[in-house]
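Below you'll find the structure, written out as structure tokens, and then a few comments.
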Amino acid sequence: MKKKGPPEIDRYPYNLIYFPDLHKNKGLTMADWNSEWVAKIKEALTALADEKNIEIGDIESRLKGARPPKADMGDIAFPLFPFAKEFRSAPPQLAAEVAARLGESPLGKARAMGPYVNIFLERDQIISDTLARVLADEESWGHNDSLKGRKIMIEFSSPNTNKPLHLGHLRNDALGESSARILRVNGADVQKVILVNDRGVHICKSMLAYKKFGQGETPESTGIKGDRLVGDYYVKYAQWAKEDPTAEAQAQEMLQKWEAGDREVRDLWEMMNRWTLEGIGKTYEKTHISFDRYYYESQLYMLGRDIILKGLEEGVFYKAEDGSTRIDMGEIGLDTKVLLRSDGTSVYITQDIGTAISRHGDWPFDQLIYVVGNEQDYHFQVLFHVLKKLGYDWAESLYHLSYGMVNLPEGKMKSREGTVVDADDLVADLSELALEEIRSKGREDEVEDPRATADAVSLAALHYYLLQVSPKKDMIFNPKESLSFNGNTGPYLQYMAARICSMERKAREMGWDLEKKTVDGTLLTGDEEWELAGILADFPRTVEQAGRDHNPSLITAALYNVAKVFSRYYHDNPILNNENLDLAMARLQLSLAVLRMLRSGFDLINIPFLAKM
RNA sequence: GCGCCCAUAGCUCAGCUGGAUAGAGCGCCGGACUUCGAAUCCGUAGGUCGCAGGUUCGAAUCCUGCUGGGCGUACCA
């Protein structure tokens with residue numbers, strides 16, 4: 001039964017007595033196996049040093065396990081370069097000595113491979129255990145309590161009420177929604193909030209244009225979505241302002257009336273804001289974005305002034321010669337910043353200061369995250385610094401989830417240049433293409449509702465495309481490519497999940513017991529099966545890291561990885577079509593575990609799951 | 001001018017706190033459907049990791065300088 005030497009590994013008979021820790025602790029992951037081996041190698045190195053009468057420094061900080069470049073080189077690799085000098089021997093020789101000392105154990109087997117000590121883990125038990133745990137977890141594989149007890153508020157989207165959402169918002173929304181979901185499954189108590197920019201001169205501009213040219217038309221009378229209708233008037237204003245030099249002054253005048261509470265202006269404002277918000281709300285609904293709390297700038301813009309004045313009294317800020325109230329940020333290497341104008345009125349950042357404090361009063365968070373583009377990096381540096389200087393303890397954990405611009409292949413996306421990609425249009429185009437794909441594959445009869453399925457596929461395409469890129473980098477959104485549904489895409493992931501579902505249905509029809517939670521790992525001896533188990537086992541740590549780093553792209557990468565490996569596995573290995581029913585069952589269970597991870601992950605990156613597509 | 005960010009295959013992107021031969025997808029070329037869903041799978045080709053130094057046993061990864069690009073740098077929001 002036993003074979004000798006790498007790349008094959010010796011296999012122990014399935015027997016829990018070899019794994020007392022495993023039996024007790026259902027939460028062991030690859031990382032735990034890693035630390036087990038760190039301890040063992042540390043022991044070996046210490047003993048070796050004693051034997052040779054060598055003084056040795058701290059071992060643990062230098063002993064770092066990594067994944068070997070190839071599967072047949074083992075599961076964990078420990079480079080021994082850092083110890084070579086102290087032992088006065090070449091790393092390969094040292095590796096050989098350490099490996100000899102470690103030998104074999106129920107935890108697996110150590111082999112010297114060049115300057116590395118490579119560990120070949122005992123596979124059967126880990127596979128059995130991992131799959132059993134995934135299957136026991138229903139749809140929640142990857143969930144953990146690393147952020148348990150933390151209250152986190154996350155603000156994203158920040159729409160203006162003078163125009164519809166565009167591609168930039170879609171990236172913002174995708175990041176915000178996904179980050180919130182990730183934080184939640186890490187155990188945090190999360191509040192998703194939106195700040196609606198519903199006041200200011202830019203809002204008045206669309207109002208002014210409507211008043212001049214609108215002739216009383218409404219979303220109902222025109223059949224145009226409210227946000228689009230209002231946006232059209234914003235564009236109309238810009239055209240008109242080119243010809244009429246008094247336009248800007250008229251807009252300012254309207255703003256003053258608004259601030260004075262002028263009835264007519266306020267009525268118009270309320271009506272048009274409602275149109276926009278209803279329209280934008282439909283977009284959120286369509287893209288599965290939601291908020292727990294709405295904040296409106298019109299209700300907040302006066303906040304912050306009293307806090308600045310108080311800070312001035314306390315000497316946190318100072319009065320400049322020109323009469324403005326400022327903060328000196330020399331200690332963090334920045335210039336001074338105006339917090340109140342010389343006439344005592346607020347500037348933009350004043351309200352942000354007030355808003356943050358007010359929100360903490362509404363819901364005392366441990367952390368507040370702002371999902372805002374990187375063009376505001378400086379703004380948030382200042383904001384956070386001011387709040388710290390004001391002495392709020394929660395100011396230390398404020399976080400700006402900064403992301404890069406979304407560009408189009410043909411050039412930069414600038415709203416003034418009219419090349420913005422409208423969010424609704426984009427989603428509709430994607431859906432249309434998905435529908436064509438469904439038709440051309442002749443699957444209209446298979447799926448219950450082709451239109452709804454196409455919508456789900458389009459969301460997968462969109463969100464995956466937007467989230468696969470590291471947030472802080474600028475990205476190029478290629479509509480054509482996102483629509484291709486080939487390769488490294490959201491629909492690819494959906495397709496893998498749908499295929500597993502299809503197997504699940506078949507198995508159910510055949511009367512197999514899919515509730516069975518124990519898995520016979522001794523039957524899953526293939527390298528791909530081992531690789532899949534490893535990916536599954538690592539997922540909770542990936543989710544944890546994605547939460548810690550505020551980086552959903554770690555989730556997309558893990559999902560693509562599992563889907564790709566599974567896809568090859570599925571292609572090369574019969575699962576249900578297997579004469580050995582026990583093997584068929586074990587492979588199906590592995591497949592179902594993969595499905596669990598996919599579904600759990602889909603939820604985190606806002607990709608709809610489809611049982612059929 | 002000053003500050004922050006970015007630079008990896010033709011294109012779009014990965015590359016975890018420095019570790020073995022830098023990976024995917026798209027595109028190109030060539031294979032695989034009487035068999036669990038071909039929206040799939042496999043293979044070939046494609047790289048001076050922007051440039052130059054430095055730290056280290058070891059650098060795409062850390063440090064410095066430079067080049068190129070982006071964004072800021074308002075008593076705008």
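Pairing for rA14(B) is absent, judged as Watson-Crick or G-U wobble with the two contacts each under 3.5 Å. Using the Watson-Crick or G-U wobble rule with both distances under 3.5 Å, rG1(B) pairs with rU73(B).
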Taking only N/O atoms, report every protein-nucleotides 6-10 of chain B pair under 3.5 Å with atom names and distance.
unit_1, atom_1, unit_2, atom_2, d
rC6(B), OP1, Lys472(A), NZ, 2.5
rA7(B), OP1, Lys473(A), NZ, 2.9

Restricting to nitrogen or oxygen on both sides, can you table the protein-nucleotides 74-77 of chain B pairs closer than 3.5 Å?
unit_1, atom_1, unit_2, atom_2, d
rC75(B), O3', Arg341(A), NE, 3.2
rC75(B), O2, Ser342(A), N, 3.0
rC75(B), O2, Ser342(A), OG, 3.0
rC75(B), N3, Ser342(A), OG, 2.7
rC75(B), N4, Asp322(A), O, 3.4
rC75(B), N4, Asp322(A), OD1, 3.1
rC75(B), N4, Asp322(A), OD2, 2.5
rC76(B), OP2, Arg341(A), NE, 2.5
rC76(B), OP2, Arg341(A), NH2, 2.5
rA77(B), OP1, Arg341(A), NH2, 3.1
rA77(B), OP2, Tyr348(A), N, 3.0
rA77(B), O3', Glu297(A), OE2, 3.3

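For rA20(B), the base has a donor-acceptor partner in the side chain of Asn118(A) [N/O atoms by modelled type, under 3.5 angstrom].
Using a 4.0 Å heavy-atom criterion, one finds that Tyr570(A) contacts the bases of the nucleic acid, with or without backbone contacts as well. As judged by a 4.0 angstrom heavy-atom cut-off over every strand, Ile575(A) is placed among the base-contacting residues. Residue contacts for Ile438(A): at a heavy-atom cut-off of 4.0 Å it reaches a base atom on one of the strands shown.
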Residues 76-95 of chain A side chain polar contacts: donor-acceptor under 3.5 Å, at least two apart:
unit_1, atom_1, unit_2, atom_2, d
Glu86(A), OE1, Arg62(A), NH1, 2.7
Glu86(A), OE1, Arg62(A), NH2, 3.2
Glu86(A), OE2, Gly57(A), N, 3.0

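Here Lys564(A) does not reach the OP1 or OP2 of rA24(B): none of its side-chain N or O atoms lies under 4.0 Å away. Checking the phosphate oxygens (OP1, OP2) of rA14(B), a side-chain nitrogen or oxygen of Ser470(A) falls inside 4.0 Å.
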ring-ring contact (aromatic ring centres under 6.0 Å, His included) evaluation trace for Tyr560(A) with Tyr492(A): CA-CA 8 Å; Tyr560(A) 179 64; Tyr492(A) 172 82; 5.7 Å; yes
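In terms of heavy atoms, Thr161(A) sits closest to Val230(A) at O-CG1, 3.6 Å.
Considering only the side chain of Val469(A), rC13(B) comes nearest among rC13(B), rG37(B), rC57(B). If you check rU35(B), rU12(B), rC41(B) against the side chain of Glu481(A), the one that comes closest is rU12(B).
Side chains of Tyr464(A) and Asn488(A): a donor on one and an acceptor on the other come within 3.5 Å.
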